[in-house]
2 protein chains.
Amino acid sequence: MATIKDVAGRAGVSVATVSRVLNGNGYVHEDTRQKVEEAIRALNYTPNEVARSLYKKKSKLVGLLLPDITNPYFPQLARGVEDRMQENDYRLIFGNSDENREKEMDYIQTFIQNHVVGIISSTNDPGAEMYAELRIPIVFLDRTTSDRPSVYADGREGGRLAAREIIKRGSKRITIIQGPAHVGPAMDRYEGAVEVVRERGLSYDVLKTTSFSFTEAEGWAQDLFRLYPDTDGVIASNDIVASAVLQEAFRLGKRVPEDVQIIGFDDIPLSRLLAPSLSTIHQPAYEMGREAAELLIQLMEGQHIERKSKQYPVQFIERQTTRKVD
Amino acid sequence: MATIKDVAGRAGVSVATVSRVLNGNGYVHEDTRQKVEEAIRALNYTPNEVARSLYKKKSKLVGLLLPDITNPYFPQLARGVEDRMQENDYRLIFGNSDENREKEMDYIQTFIQNHVVGIISSTNDPGAEMYAELRIPIVFLDRTTSDRPSVYADGREGGRLAAREIIKRGSKRITIIQGPAHVGPAMDRYEGAVEVVRERGLSYDVLKTTSFSFTEAEGWAQDLFRLYPDTDGVIASNDIVASAVLQEAFRLGKRVPEDVQIIGFDDIPLSRLLAPSLSTIHQPAYEMGREAAELLIQLMEGQHIERKSKQYPVQFIERQTTRKVD
DNA sequence: GTTATACCTGTAACCGGTTACACACATCAA
DNA sequence: TTGATGTGTGTAACCGGTTACAGGTATAAC
């Protein structure tokens, strides 16, 4: 790799001058600039970001921490973040936390050691000491705190929406699947659904689950119909679980949506490709990722911020696992 | 952030001694070591990886380039890579190329600028000059070249398998969906399928597609049954497209697998949750990711390598979109 | 003619680590 | 006693950039 000294040597100038050309600051004579640029081309030189980062105490690196990229909701978030970051020449150091505190701390630690200029994190404990002590901007994605920048969807309203829509379409014996208790948004949507069902005085059952894993989803779907065989409406904790429920209903010969209605959550890309396609609560994941990136960029570049948090509205997507409303 | 000087000052020693303690090399008196370690604890010091990286010309960063994390096949690959890398304390700089040459070059460029010690890339052109000129280890994942380290699945055999299994189960008018022409593995599986169908002298049709996108998949599924309404066996280019075909069949009132059999490719997690669940060709994506990481680590740490490439066998997963064989 | 100001460039310190090298001291064998 | 060897530590160069500062020249203002 050519260094700035090589370029300076070839162009017959000092490294300071090359640096000025590179960064477009200070005075540089037009003729000199030409020579330097030619030397850069000839040597195929690109500046060493590490050296730059050491002096400036700033890199072009941003840390992104997500629970599990294998859950189809997160790739969309990640893509949104990446695409926006790319536009401002930031790159991502990426890690999966598995909702595990240890791994999370470990990643945050190495983010810092690598001079990242900002962090986007989807953590269950945004109040953790580790985050409070951070000296660089952070935005929480898909998770909330009152006092730190965050981008998230209105999960509670999503839960209410799901309940209202399934009730409006005639379900009487509703089963609400409760996602992992330590995952904030999962609880929000659960509570929203319970709120509405209670309000309407309907009977309902709750199935507790502890993860969003693909393999465990099948088991819960089986439990669901074993424990509550008469249910005629299922509000699932996310689209993966909803898919498993849909499949189990199919296996048991229940007609969807005639015998059981099913509503998912997230609106992952595959939910529209299911047969019947899945009615669900849409979160604008890609947009949310972009917005988190946007916010972080503003924070990092010290611009004035009007709103430091953004809550996205959620939307009922009517597809084929719910009945048509008359 | 505390620096090594702060630690040295507090412990009453020179920075060299602190560095020795940190790296466990050279001689350090036990008493001195204690003092230094105490200072480190007191100041909550962690070494600046950027400074370290500058001097050593090596970081603990690895570049990972994938086409599109939004395609459910890739998160598994990514997870495999990450988990293995994590074990050796490497971190990932991650990017999506969208199979786009420009973006790809751009990422490789910044990987280098950030002193990554190795790269894992899923590119359509492993022979590109940019890769030939690289001075750091690289392994190609899900893509092949004869002369560079790579980890991939036997796509051609996968295509053959799909054809053999669908034929064995009685399909006579087979439609093969051809994935994007510029994507190597897509062509392999296509050619494998064609090879077998030809060999058996069966009539077959081909539907050409240009992406694996979720939104376009629906359109192709519609085209498929419009152009070839009598098909009784579909070999899809991947599981996403297969899902769309399954859905379209459902919409048209065709019974699966009685009227049409469908075989996908990849075995993404959701394919087992479809109703009916999707018969498909399994690629051990997570394992492949891990293996690519393993190989790269060996390359980076200069160990002796016996095999520098690894081809994974592929496997037919019999589920419910194919008939039971008698 | 003097002074202010803009323009142009180089020297060297600095960022925070690692390590080559020098040096001091202790121990032990010849 | 001498010298070889092992132990323990500090000084300073180095990695490859950025930038404060100094100094030189040209032009304009007074």
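Both backbone and side-chain heavy atoms feed into the values below; hydrogens, waters and symmetry mates do not. Remember, predicted model here, so these are calculated numbers, not experimental data.
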Visitor: Summarise how protein sits on nucleotides 7-14 of chain D as a single string, 5' to 3': B when a protein heavy atom is under 4.0 Å from the base, S for sugar-phosphate-only contact, - for no contact.
Guide: BBBBB--B
Visitor: Checking side chain to side chain contact (heavy atoms under 4.5 Å, CB included) between B/D89 and each of B/R91, B/Q86, B/M85, which is the one that passes?
Guide: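 Going through B/R91, B/Q86, B/M85 one by one, the side chain to side chain contact (heavy atoms under 4.5 Å, CB included) with B/D89 is satisfied by B/R91 alone.
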Visitor: Within this structure, what is the CG-to-P distance between B/N48 and D/dC15, rounded to whole angstrom?
Guide: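 The answer, rounded to whole Å, is 18 Å.
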Visitor: Check every strand shown and say whether A/S19 touches a base, only sugar-phosphate, or nothing at a heavy-atom separation below 4.0 Å.
Guide: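 Counting heavy atoms under 4.0 Å across all strands, the contact made by A/S19 includes a base.
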Visitor: Calculate the interatomic distance between B/R52 atom CZ and D/dG17 atom P; express it in whole Å.
Guide: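 Atom CZ in B/R52 sits about 21 Å away from atom P in D/dG17.
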Visitor: In whole angstrom, give the distance that lies between atom CG of B/N23 and atom P of C/dG16.
Guide: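 About 17 Å, once rounded to whole Å.
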Visitor: Would you say the side-chain atoms of B/N124 and B/E99 include a donor-acceptor pair closer than 3.5 Å?
Guide: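 Checked: B/N124/B/E99 side chains pair up, N/O donor to acceptor below 3.5 Å.
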Visitor: Could you check if a side-chain atom of B/R20 sits within less than 4.5 angstrom of a side-chain atom of B/Y27, using non-hydrogen atoms only?
Guide: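 No; the side chains remain at least 4.5 Å from each other.
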Visitor: Measure the distance from CD1 on B/I112 to C1' on D/dG16 and round it to the nearest whole Å.
Guide: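 Rounding to the nearest Å, CD1 of B/I112 and C1' of D/dG16 are 16 Å apart.
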Visitor: Fit a plane to each ring of B/F94 and A/F94, take the angle between them on a 0 to 90° scale, and name the class: parallel (under 30°), tilted (30 to 60°) or perpendicular (over 60°).
Guide: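 B/F94 vs A/F94 ring planes: tilted.
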Visitor: Closer than 4.0 angstrom, basic N to acidic O: yes or no for A/D6 and A/R10?
Guide: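 No, no charged N to carboxylate O under 4.0 Å.
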Visitor: May I ask you to decide whether A/D147 forms a salt bridge with A/K308, counting only side-chain N to carboxylate O separations under 4.0 Å?
Guide: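 Judged by the 4.0 Å cut-off on N to carboxylate O distance, A/D147 and A/K308 do not form a salt bridge.
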Visitor: Just the rounded figure in Å: distance from P of D/dG16 to NZ of A/K58.
Guide: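 After rounding, the reported distance stands at 24 Å.
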Visitor: Quantified as the angle between the terminal helix axes (five pairs each), what is the overall bend of the helix from C/dG1-D/dC30 to C/dA30-D/dT1 to 10 degrees?
Guide: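 Answer rounded to 10°: the end axes differ by 60°.
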Visitor: Between the side chains of A/E38 and A/Q34, does any donor sit under 3.5 Å from an acceptor?
Guide: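 Distance-only check fails for A/E38 and A/Q34.
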Visitor: Can you tell me how far C1' of D/dC15 sits from CG of A/D6, to the nearest Å?
Guide: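 After rounding, the gap between these two atoms is 13 Å.
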Visitor: To the nearest Å, give me how far apart CD1 (A/I4) and P (D/dC15) are.
Guide: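 Going from CD1 in A/I4 over to P in D/dC15 covers 14 Å.
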Visitor: With distance as the sole criterion, is a donor-acceptor pair present between the side chains of B/D125 and B/H182 under 3.5 Å?
Guide: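 Judged by distance alone, the side chains do not pair up.
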Visitor: We want to know whether B/E104 and B/T123 form a side-chain donor-acceptor pair, criterion being a heavy-atom distance below 3.5 angstrom.
Guide: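 Distance-only check passes for B/E104 and B/T123.
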Visitor: If I take atom CD in residue B/E49 and atom C1' in nucleotide D/dC15, what distance separates them, rounded to the nearest angstrom?
Guide: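 After rounding, the gap between these two atoms is 15 Å.
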